[in-house]
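A quick write-up on the structure given underneath.
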Amino acid sequence: MSFLEGLNPQQLEAVTLPHQSALILAGAGSGKTRVLTTRIAWLIQTGQISPQGVLAVTFTNKAAREMLLRISAMLPINTRGMWVGTFHGLCNRILRAHYREAGLPQTFQILDSADQLAMVKRIMKSMNVDDEKYPPRQAQYFINDAKEQGLRAPKVEAFDDFSRKLVTVYESYDAQCNREGVVDFAELLLRCFELLSKTEVLREHYRARFKHILVDEFQDTNRLQYFWLKLLAGANNFIFGVGDDDQSIYAFRGARAGNMLDFEKDFHVDKVIKLEQNYRSQGNILDAANALIRHNRARLGKDLWTAQGSGEPLRLFEAMTDLEEASYVLEEVKQLRSEGAPLSEIALLYRSNAQSRVLEHALFNAGISYRVYGGLRFFERLEIKHALAYLRLVANPDDDGALLRVINFPTRGIGNRSIEQLQDVAASRGISLWQAACANTLSGKAGSSIAGFVRLIESMRSACEALPLPEIIDHVVELSGLIAHYQNEREGEDRLENLGELTNAAIAFVSPEGPATQAQEGETQPQEFAALAAFLAHASLEAGEHQAAAGAEALQLMTVHSAKGLEFHAVFITGLEEGLFPHENSISEQDGLEEERRLMYVAVTRARHRLYLTHAQTRMLHGQTRYNIASRFLEEIPEGLIKRVNTTKFSGFVSARGFDRGYEVKSPAIEREVSGWRVGQNVVHAKFGAGVIVSAEGRGADARVQVNFRNSGMKWLALEYAKLAPA
DNA sequence: ATTAGTGGTGTTTTT
DNA sequence: CACCACTAAT
């Protein structure tokens, strides 16, 4: 089998492991995806299983697509019927096939997190819960967390009034979701889990089918996902898990690297195979990554090595401001490009999405094409959300969230008063807003406006029956009045274009390559709007990746999180500052710092040949300038691997060519000065350690400076007494 | 009923 | 700064 050639001994062992469950501890760049896909190809090629008998689970749609691509490169088979997808995608698939047994309408809709938050707010308002005391965001988090533990409201343990209140919110939230026929992300998993738990027939059906279950990024599974896997595997099937505890960066959404240990026990994994040879990065980069991650306590233990040479040192640049940082990055990108590196092989990474703005600005002015991943995605744009809401109403009129979004957009004379009356009717009779609207108990002008809206949706439904999906979308968008509305708006051009794109997305969706043709399990009574529901599900589950048109010759901008699994010739890790990266919120969290460090580890290991580390002394954040000291992670990388590249050209001031924000940027860091100390200056204190001066006041004996210490936080120090030294 | 304007508030990361 | 929620004016 030619596809086995070139595997190293550990990889080969993993790929050809006989029937048993296995855990592959695969470091960054060690050929994890290759092992996983080759394993599948080997199982099929040796006749141990048919393509339909494979279940492969990933966390992103991108990873799933990549996997299918690689499999079809190795085997001359049709991968279309294969079950390769994300947890959410696969659960969606199962629930669509067995919606009845799952207690869902056939056209059930999926709430994205924004929809979910809106729903939580609505529920809390209807329950008269004080949203000052109980922030809706926290309630949302509470609900998701519970679901990710596999717990329904009655099972959640609450030991204080606060939690008890949130439990009641959870309970009514779920009740309302059921009434409306909508599910959130976590619900997809929980509902599917419950379905398989309680329905033996189905459980056995899937168990009999999927003899081999392969799991990518095992360290990112949460409790519920692990239970789900266990349930599906039963006593006789095998799980092949691949993961890297050092790359666990999703604890904030319930990921539990400890699942790997449970897996070892529960599935009697007698041999853990470690893949430690890295084929991606040159030595210095790898050494930096290893040194960094060694600062973490909770590790399974693993050290990467490479047969490549040590390569270049890492380049560290300290900027005065975020603008200067951007201009440095820009210059280096130009340089790399002139050396022949394709732009698509260069990545600009940052901790949080907001940081992309400054970089984008500089790139835009310089005319360098770039692509930003994440941020607001296609299906999350306002005009798209509106169009989708109309479509959701067509598929499932009981969707209150969708109705509320568009009942008065474009405006048609239905104001808050009317909506409140509708809500009262709906609440008192226990019906959906749509049903309340149809009953139309209101009189006068409000009543006729609502009747008009009801007729509008009805006409959409009847016009679209038996139409192919793309035409449904054209129709609905047209009838909704959104087109007319945006034509009259001055900034409407882009929005109109996006609405057009929506149709294209639908065309792509129903085309032979699209997921729509994936064979549906079992009995599918093709009901009128099933295709529409499938498309809407696709929109929720794949919100972002529409714009990820790969291959484009553009610089790649993304958060470190979304860079996981990717690699580039050159990587810039920007904003390496205390408070940003590691993020200040993470410091107080349990194990937060270690997760941040793993994140940094992921960032570092994205680079093949060249790695830039940059930070700025001052940065615009929350609309005000903040002073930051260098990230502790920089100190955790051995000096010998790093070359400082600050040049006179880039010291002191924003470059004269003026990257301004439309207003004058004050010369940084020397605005205020006291007794020879200046704001922005790095200092060392005998007791508090390293820090940066953030403000100063007084003179002579009264002179004081405020210092942000890395480890001790903010302190005011009287210069006359404090033992302060320049850093 | 709608909108413009105001003030207060908060934000990591994402399937 | 940007998004919300609420208020005051059309």
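Everything numeric in this text was worked out from a predicted model, so none of it was measured. Letters go in sequence order (proteins before strands), and every chain restarts at 1.
Atom CG in Leu599(A) sits roughly 11 Å away from atom P in dT13(B) (whole-Å rounding). What separates CZ of Arg626(A) from P of dC1(C) is a distance of 17 Å, to the nearest Å. One can place CG of Asp131(A) at 17 Å from P of dG8(B), the figure rounded to the nearest angstrom. In this structure, Asn585(A) places its CG atom 16 Å from C1' of dT14(B), rounding to the nearest Å. Taking atom CG of residue Leu580(A) and atom P of nucleotide dT11(B), one finds them 17 Å apart after rounding to whole Å. The interatomic distance linking Leu117(A) (CG) with dT14(B) (C1') rounds to 15 Å, in whole Å.
When distances run from any side-chain atom of His583(A) to the nucleotides dT12(B), dT11(B), dT15(B), the shortest one goes to dT12(B). In the set dA1(B), dT15(B), dT14(B), dA1(B) carries the atom at the smallest distance from any side-chain atom of Ser418(A). Checking dT15(B), dT13(B), dT14(B) against every side-chain atom of Arg351(A), the shortest atom distance belongs to dT13(B).
At least one donor-acceptor pair closer than 3.5 Å links the side chain of Thr605(A) to the backbone N or O of Tyr601(A).
Classified by interplanar angle (parallel below 30°, tilted 30° to 60°, perpendicular above 60°), the ring pair Tyr206(A)/Phe210(A) is parallel.
Contact annotation for Tyr250(A): backbone-only contact, meaning every heavy-atom pair under 4.0 Å involves sugar-phosphate atoms and none involves a base. The residue Arg598(A) sits apart from the nucleic acid: no heavy atom pair falls under 4.0 Å. Looking at heavy-atom distances under 4.0 Å, Asp220(A) makes no contact with the nucleic acid at all. Across all strands, Phe59(A) comes closer than 4.0 Å only to sugar-phosphate atoms, never to a base (heavy-atom distances). Nucleic acid contact class of Glu589(A) (heavy atoms, under 4.0 Å, all strands): base.
Asp145(A) is not listed as a side-chain neighbour of Arg253(A), based on a closest heavy-atom distance of 4.5 Å or more.
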Q. Could you run down nucleotides 2-10 of chain C 5' to 3' and tag each one B, S or - for protein heavy-atom contact under 4.0 Å?
A. S--S-----

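Both Gly415(A) and His622(A) sit near DNA chain B, but only Gly415(A) has its closest nucleotide nearer the 5' end.
With salt bridges taken as basic N to acidic carboxylate O contacts below 4.0 Å, none links Arg351(A) and Glu577(A).
Considering only side-chain N and O atoms, Asn408(A) lies under 4.0 angstrom from the phosphate OP1 or OP2 of dT2(B).
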